Amino acid sequence: MRLLFLAVLRPHTGNAVTAQRVRDHLEAAGHVCLLKDAFDFDSPLEVAGLIQAEALEAALALHLYRAGRLLQGHGIPFGVIFGGTDLNEDINQGEKKQVMGKVLEEARFAVAFTESMKATACLQWPQTEGKIYVQSQGIATVPNATFDWGAFLQRAGISHGAHGVHVFLLICGLRHVKDPLYLVDAFSEWHKEEEPSAYLVIVGPEVDPVFTREVKAKVERAAGVRLLPEMPQEDLHAVIQNCFALVNSSISEGMSAAILEAMDLEVPVLARNIPGNAAMVQHGVTGLLFSDPQDFVQLAQGLLRDPTLGRAMVARGRDYVQTQHSWRAERDTYQSLIRTLEQDADQQDPLTSRML
């Protein structure tokens, strides 16, 4: 079957990585999957032209508002995957919420990464509960075996002396919802006053130009904090593998792939205590959850002073990822759901399915 897959494809972001992984699942089942950036289209009319030109038979959208709204009214069956900000942010805006409700009604199925995401959607659109499936993100990490950690530290302006360094890694696009500045003041003070070996390294793409300038200005003045641009996935996995701990300070999350990748690579996780993170990280068991910057510093200090705590958590974190975030289970789910679209497409009149 010929499929259109719309997603937000900013390079090296969570949505882009998820979209590429799901596309691989679908192509492995023999489908032709045309993956397109939703931001390349201004209206459903432009998408209609693409559907006609490429003889597309069904579609999939990652993000109910940004991508899903572009798939309405084309006469081909489609499914949607909740992205995170659609349920955490867009749902609070009346017009966007109304649009998303209509998209969900027309969609043959919807996929939520967590039970809490499904519950949020069902609370707003209870009539759609029967079509919402829960499938956690499947994780597969492939660190670059030839990655030069020393060169990375040098590029970050970090000198590693006799006592070594402890890199706390924050991976995020530079935009408000990821809140990369949340820990900067507290971390910088900790670095200066108590733990000069500790560094906070922020890695990610410049998503919001205005906010990026604010982040750069703040980081330049903050001792012990560094900012680096996005990097290829394999290199990023190698950085995670070499860092002391993975940090997440987002205001909201759907399901952070970086957290799961850190667990898979047996690296401790310190995450802000928000619903999306708490759905994955069990405090003191598979990672640590902090409620404010001062709480983060206390937990980080404890992790540095008690290596056995970190070792126990990473072992349990790895087990959690392997059992709850199976790449194979994710593949089976999406291939099964797409078969329902295939059946719908086969039942439609060929002329009707091409109506624009």
Side-chain angles (χ1 to χ4, degrees), residues 14 84-85 88-89 156-158 165-208 210-228 239-240 243-263 267-307 309-310 313-314 317:
T85 54
N88 295 329
E89 306 290 329
I158 299 173
V165 297
H166 299 94
V167 171
F168 291 78
L169 181 66
L170 173 57
I171 300 171
C172 68
L174 302 186
R175 53 189 178 125
H176 286 281
V177 72
K178 298 300 182 182
D179 212 2
L181 298 179
Y182 183 64
L183 299 173
V184 167
D185 288 337
F187 196 102
S188 184
E189 183 178 353
W190 180 46
H191 170 85
K192 288 187 295 184
E193 302 294 332
E194 299 182 51
E195 195 56 65
S197 74
Y199 286 85
L200 177 64
V201 178
I202 304 168
V203 177
E206 300 179 2
V207 177
D208 180 334
V210 175
F211 185 59
T212 293
R213 289 195 291 271
E214 180 184 339
V215 172
K216 287 182 175 179
K218 180 85 171 181
V219 168
E220 284 176 3
R221 301 190 302 269
V225 183
R226 302 290 189 268
L227 177 64
L228 292 175
V239 173
I240 295 173
C243 75
F244 178 75
L246 188 283
V247 178
N248 180 291
S249 60
S250 296
I251 294 170
S252 72
E253 285 281 1
M255 178 171 284
S256 167
I259 287 178
L260 297 173
E261 288 163 353
M263 288 180 176
V267 171
V269 170
L270 289 97
R272 191 169 178 171
N273 193 0
I274 57 173
N277 290 343
M280 298 184 293
V281 180
Q282 187 178 353
H283 182 68
V285 179
T286 57
L288 297 171
L289 295 169
F290 58 87
S291 56
D292 55 50
Q294 291 69 37
D295 189 26
F296 167 84
V297 170
Q298 290 180 353
L299 292 171
Q301 286 174 327
L303 202 54
L304 280 171
R305 292 169 183 164
D306 185 6
L309 172 64
M313 286 192 303
V314 298

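This one's a predicted model, so the numbers in the text were calculated from it and none came from an experiment. Sequence positions, counted from 1, serve as the residue numbers for this chain.
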Quiz item: What residue pairs, at least two apart or across chains, pass side-chain hydrogen bond (donor to acceptor under 3.5 Å, both in side chains) with a residue in residues 274-288?
Solution: N248-N277

Self-check item: Test log, rule side-chain contact (heavy atoms from CB on, under 4.5 Å), inputs V177 and S250
Solution: CA-CA 6 Å; V177 72; S250 296; 5.9 Å; no

Quiz prompt | Reported CG-to-CG distance for the pair L270 and L288, which is rounded to 0.5 angstrom | solution = 5.0 Å

Practice problem: Keeping the roles fixed (side chain from S252, backbone from N88), state whether a donor-acceptor pair exists under 3.5 Å. | Solution: no

Practice problem: Find out whether P205 and L174 are in side-chain contact, i.e. whether some heavy atom of one side chain is under 4.5 Å from a heavy atom of the other. | Solution: no

Quiz item: CZ/R221 to NZ/K216 distance, rounded to the nearest 0.5 angstrom?
Solution: 14.5 Å

Quiz item: So which heavy atom on L289 is nearest to which on V281, and how close?
Solution: CD1-O, 3.5 Å

Self-check item: Spacing of Y182 atom OH and C172 atom SG [to the nearest 0.5 Å]
Solution: 14.5 Å

Quiz item: Hey, what's the ring geometry for H176 with F211, parallel, tilted or perpendicular (30° and 60° as the breaks)?
Solution: tilted

Quiz prompt | Reported OG1-to-CD1 distance for the pair T85 and I251, which is rounded to 0.5 angstrom | solution = 12.5 Å

Quiz prompt | Heavy-atom side-chain proximity of F296 to V247 below 4.5 angstrom | solution = yes

Practice problem: Would you check if F290 and N273 make a side-chain contact, meaning some heavy-atom pair closer than 4.5 Å? | Solution: no

Quiz item: Is there a side-chain contact between L304 and E195 (heavy atoms, below 4.5 Å)?
Solution: yes

Exercise. With sequence neighbours left out, write down each residue that passes side-chain contact (heavy atoms from CB on, under 4.5 Å) with V297, or none if nothing qualifies.
Key: A186, W190, Q301

Quiz item: Which heavy-atom pair separates G276 from M280 by the least distance, and what is that distance?
Solution: O-CE, 3.9 Å

Quiz item: Would you say the side chain of P293 lies within less than 4.5 Å of the side chain of D185, judging by non-hydrogen atoms?
Solution: no

Quiz item: Just by distance, do the side chain of R272 and the backbone of S291 share a donor-acceptor pair under 3.5 Å?
Solution: no

Self-check item: Taking every non-hydrogen atom, the tightest pair across A245 and V267
Solution: CA-CG1, 3.9 Å

Exercise. Walk me through it: do S256 and E253 pass the test side chain to side chain donor-acceptor pair (under 3.5 Å)?
Key: CA-CA 6 Å; S256 167; E253 285 281 1; 4.6 Å; no

Quiz item: What is the minimum heavy-atom distance between G157 and R226, and which atoms define it?
Solution: O-NH2, 3.2 Å

Practice problem: Would you mind telling me which of V203, V215, L200, V201 makes a side chain to side chain contact (heavy atoms under 4.5 Å, CB included) with L227? | Solution: V215

Quiz item: Under the ring pair (Phe, Tyr, Trp, His ring centres under 6.0 Å) criterion, do Y199 and F168 qualify, and how do the steps go?
Solution: CA-CA 6 Å; Y199 286 85; F168 291 78; over 10 Å; no

Practice problem: Tell me, yes or no, whether the heavy-atom count around E89 atom CD, taken from other residues, nucleotides or ligands under 6.0 Å, exceeds 12. | Solution: yes

Quiz item: Which distance, rounded to the nearest 0.5 Å, do you find between the CG of L181 and the CD1 of I202?
Solution: 6.5 Å

Quiz item: Can you name the closest pair of heavy atoms from L303 and P268 and give their distance?
Solution: CD2-CB, 3.7 Å

Quiz item: Between T212 and V207, is any pair of side-chain heavy atoms under 4.5 Å apart?
Solution: no

Quiz item: Does any N or O in the side chain of S188 come within less than 3.5 Å of the main-chain N or O of G224, such that one atom is a donor and the other an acceptor?
Solution: no

Quiz item: Can you name the closest pair of heavy atoms from V165 and I158 and give their distance?
Solution: CG1-CG2, 3.8 Å

Quiz item: Can you tell me how far the NZ atom of K178 sits from the CD1 atom of I171, to the nearest 0.5 Å?
Solution: 11.0 Å

